[in-house]
Amino acid sequence: MIVSALLTSVGINFGLCVLFFTLYSILRKQPCNYDVYIPRLLAEGKSQRRGNFIFEQLLPSTGWVKRAWQITEEELLVSSGLDAVVFMRIFIFSLRVFCLAGIIGIFVLLPINCLGTQLAQFDIAELSSISLDLFTISNVNNGSNWLWAHFCAVYIVTGFVCYLLYYEYNYISSKRIEYFYSSKPQPHQFTVLVRSIPVVAGSSVSDSVENFFTEFYPSSYLSHMVVRRTNKIRGLIDKAKKLYKRVTALQSGHTKTKYGREGYLGLFGRKVDLVDHYEKKLEDLEENVRLEQSEASLAGEEIRAAFVSFKTRYAASTACHMQQSINPTRWVTEEAPEPHDVNWPFFSSSFLRRWFSKLAVVVVYILVTVLFLIPVVFVQGLTNLDQLELMFPFLKSILTLKFVSEVVTGYLPSLILHLFLKTVPPVMKFLSSIQGYISISQIEKSACNKMFWFTVWNIFFGNVLSGSVLNQISIILDPENIPSKLAVAVPAQASFFIAYVVTTGWTSTSTELFRMFPLICSLITNPCGGDKDDELEVPRPPYHRDIPKILFFGLLGITYFFLAPLILPFLLVYFCLGYIIYRNQFLNVYSPGYETAGKFWPIVHNSMIFALVLMHAIAIGIFTLKKLSIASTLTFPLPVFTLIFNEYCRKRFLPNFVAYSAESLIKKDRGDIHDASMEEFFESLVTAYQDPALLPIQYSSHTDGRSTPLLGV
């Protein structure tokens with residue numbers, strides 16, 4: 001890629017960013033768009049819909065930037081939880097790393113690369129037509145002493161990244177403890193999930209749980225809630241919700257059609273009043289739900305799993321981490337998630353079905369990863385005009401136009417790859433959901449891991465080693481030659497990844513602010529802005545989608561900072577945009593759906609360690625390729641020291657993210673002894689883990705007291 005193609009890509013994406021920022025500044029002030037841009041403020045009652053038109057609403061403003069900048073970390077912690085703080089710490093960590101790397105890269109390494117003559121002589125007069133390869137380490141002459149600057153840069157940045165990783169791990173670990181001490185009593189702190197419960201003939205699961213924990217935990221056992229099969233009930237409730245929305249839309253006047261036919265798809269049968277028709281259907285569904293709930297309360301519908309609650313956190317933790325039976329496959333315990341974080345469909349699956357699901361997930365994940373190489377290879381073909389002309393000869397006359405060729409080689413490949421990549425996070429979340437996790441937070445953590453490694457394999461290695469799948473596998477099977485092959489391939493793709501940062505980074509972050517898809521959906525389904533009585537859905541932060549993306553850009557920066565320093569300014573712009581935009585989103589849009597108390601940080605730490613080791617492998621290959629064997633040899637200790645550092649952090653900090661210490665639990669329990677509200681809390685704890693599908697529902701307008709189950713659950 002030549003410089004002019006990169007400038008074209010930068011210009012297009014900069015224009016899109018400005019457009020999205022301007023539109024957002026205008027649209028966010030329109031009352032009909034409040035559900036899209038400030039749903040959290042509406043839900044919390046901090047803002048209200050205004051019907052009066054004000055001319056000022058059509059003028060763009062930057063007041064939201066100031067508000068997003070001024071919010072403190074403590075305010076973010078109180079409003080959005082520790083997970084949101086950890087998410088923003090990724091941006092802070094990245095900005096610190098790439099500020100130092102940018103100073104070294106732009107002011108030291110970039111001039112050295114340009115002064116080299118290995119590829120060609122750098123001519124400032126022909127800047128727009130020269131190749132971006134002249135800005136990379138490939139242009140430094142073989143054996144040149146200037147390469148020692150790159151060697152020193154690798155050591156400096158490695159040390160700085162390791163220092164920041166240690167600092168952040170320590171900081172977030174201490175924040176996690178502080179957050180625990182300052183939190184109010186939570187049901188999941190006193191509860192464990194028990195599975196594989198043995199049942200004696202003639203007894204029920206509930207009786208077995210009661211007898212076991214009364215015998216072995218007589219002083220600390222409080223209560224239990226047996227899990228029941230409710231997948232059929234959930235299906236009926238989902239149908240009832242959809243019908244209720246239709247009735248609400250008809251009654252509010254959003255739908256003009258008041259009459260229709262009662263038959264299939266509304267095309268057959270006699271003509272009826274739709275409101276009355278749907279109301280009758282709602283009543284029938286509610287009656288069916290009530291009957292199913294009553295049947296679920298019977299012993300035959302019990303699943304051999306239960307949420308067991310204790311009087312102290314320490315007792316719950318002891319039960320969770322200690323083997324309960326001589327037979328380790330019985331009375332299996334694990335930490336209970338928050339009640340609203342429980343993945344209830346998990347319990348309706350049999351053990352055999354979950355086992356097959358795990359196997360299927362592995363197969364599908366590999367298949368999706370391999371199939372995604374098809375668009376990657378196609379995108380790589382777009383970056384080569386000669387290859388593109390051979391594939392599509394009828395485009396030859398168009399591709400000769402300078403602007404078209406610059407757009408095709410500089411902007412289009414990254415855009416196509418970005419659009420394909422948008423489809424992957426939902427797939428990864430679905431795969432994780434059928435893998436056997438008991439909570440939504442575990443599903444999203446698993447999807448986050450899957451998404452990151454998928455991106456690394458397909459976007460990084462898929463483009464760097466662009467070729468067949470067998471070619472990539474053969475490289476992995478020949479580990480001795482990995483550094484040398486990466487040394488040749490990675491610098492060659494510098495121009496593509498610079499364009500990728502601009503297209504996927506800048507534009508996707510701007511569209512996160514603009515919320516294009518929710519805006520379009522809102523305009524289609526509710527063009528008038530809705531009524532005050534409409535149910536408002538506040539979205540959760542999409543951690544599984546955004547964390548892997550941020551980490552991948554961090555990997556690109558660490559890998560390329562000494563190879564192609566030109567990527568660093570574009571990365572810094574991305575992280576600055578992300579820092580402001582996501583603070584705004586946490587303030588106005590997203591509401592936490594669960595709280596893991598910072599458990600996403602180990603994923604961040606591990607990915608940065610991988611990025612460092614990858615950078616070291618490439619550096620060893622580069623210095624060997626550049627005939628600076630001493631520098632190559634002296635780089636070998638770096639990955640060793642990095643992995644030792646990682647092992648130390650794993651031993652020092654990771655246990656605090658797995659479970660709280662006995663010291664912390666006992667201190668917290670002692671603090672609750674004189675708390676008068678604990679008695680009320682324990683009363684609510686008894687029913688905290690009742691399946692929502694077993695709660696009474698009332699959607700129809702007829703209130704005759706028949707919404708409760710026939711039998712108590």
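For clarity, every value in this text was computed on a predicted model and none was experimentally measured. The chain is numbered in sequence order, starting from 1. Note that these values count all heavy atoms, side chains included, but never hydrogens, waters or copies made by symmetry.
In this structure, Y543 and Y590 have side chains that are not in contact, with every pair of non-hydrogen atoms separated by 4.5 Å or more. Side chains of L555 and S607 form no contact here, defined as non-hydrogen atoms less than 4.5 Å apart. In this structure, the side chains of R96 and I92 come closer than 4.5 Å at one or more pairs of heavy atoms. With a 4.5 Å cut-off on side-chain heavy atoms, V86 and K175 do not count as touching. V85 has its side chain out of reach of Y179: every pair of non-hydrogen atoms, C-beta onward, lies at least 4.5 Å apart. Looking only at side-chain heavy atoms (C-beta outward), W453 and M428 stay at 4.5 Å or farther from each other. By the 4.5 Å heavy-atom criterion applied to side chains, I581 and Q585 are counted as neighbours. Taking the side chain as every heavy atom from C-beta outward, F454 and N458 approach each other to under 4.5 Å.
The salt bridge (Lys or Arg N to Asp or Glu O under 4.0 Å) test applied to R515 returns no partner, not counting sequence neighbours. Among residues two or more places apart in sequence or in another chain, the side chain to side chain contact (heavy atoms under 4.5 Å, CB included) test is passed with L419 by L415. Looking at residues two or more places apart in sequence or on another chain, you find a side chain to side chain contact (heavy atoms under 4.5 Å, CB included) between A101 and F98, V157, F561, L568. In this structure, the side chain to side chain contact (heavy atoms under 4.5 Å, CB included) partners of N584, at least two apart in sequence or on a different chain, are Y24, W64, A68, L513, N588.
Side-chain contact, S433 with K429: no donor N or O sits under 3.5 Å from an acceptor N or O. Side-chain N/O atoms of T596 and K445 include no donor and acceptor closer than 3.5 Å.
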Got a list of side-chain donor-acceptor pairs under 3.5 Å for residues 649-658, not counting sequence neighbours?
unit_1 : atom_1 : unit_2 : atom_2 : d
R650   : NE     : E647   : OE1    : 3.2
R650   : NH2    : E647   : OE2    : 2.8
N656   : ND2    : S173   : OG     : 3.2

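The backbone N or O of Q442 lies less than 3.5 Å from no partner atom in the side chain of S446, so there is not a single donor-acceptor pair.
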- prompt: Checking side-chain contact (heavy atoms from CB on, under 4.5 Å) for the pair R176/Y660: CA distance, chi angles, key distance, verdict?
  reply: CA-CA 9 Å; R176 178 175 161 83; Y660 293 107; 3.8 Å; yes
query: When you look at E595 and E338, which way does the side-chain contact (heavy atoms from CB on, under 4.5 Å) test go after all the steps?
result: CA-CA 8 Å; E595 180 59 61; E338 297 172 307; 3.7 Å; yes
- request: Evaluate the side-chain contact (heavy atoms from CB on, under 4.5 Å) criterion for residues I440 and R540: first the C-alpha distance (whole Å), next the side-chain angles of each, then the deciding distance (0.1 Å), finally the verdict.
  value: CA-CA 11 Å; I440 298 168; R540 291 200 308 257; 3.5 Å; yes
task: Applying ring pair (Phe, Tyr, Trp, His ring centres under 6.0 Å), run through F91 and Y579 and close with a yes or a no.
output: CA-CA 6 Å; F91 283 103; Y579 181 76; 7.1 Å; no
task: Evaluate the ring pair (Phe, Tyr, Trp, His ring centres under 6.0 Å) criterion for residues F87 and F600: first the C-alpha distance (whole Å), next the side-chain angles of each, then the deciding distance (0.1 Å), finally the verdict.
output: CA-CA 8 Å; F87 184 84; F600 280 97; 8.9 Å; no
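In Y155, the OH atom is crowded: over 12 heavy atoms of neighbouring residues, nucleotides or ligands sit closer than 6.0 Å. For Y181, the OH atom counts as densely surrounded, since its 6.0 Å shell holds more than 12 non-hydrogen atoms of other residues, nucleotides or ligands. Around the OH atom of Y171, the shell of radius 6.0 Å holds more than 12 heavy atoms that belong to other residues, nucleotides or ligands.
Counting only residues at least two apart or on different chains, no salt bridge (charged side-chain N to carboxylate O under 4.0 Å, His left out) pair has a member in residues 361-370.
Between Y574 and F553, the angle of the ring planes lies from 30° to 60°, which puts this pair in the tilted group. Between F497 and Y500, the ring-plane angle classifies as perpendicular under the 30° and 60° cut-offs. Taking the six-membered ring where the residue is Trp, Y560 and F460 present perpendicular rings, their angle passing 60° and hence far from 30°.
Taking 4.0 Å as the cut-off between side-chain N and carboxylate O, E512 and K549 do not count as a salt-bridged pair.
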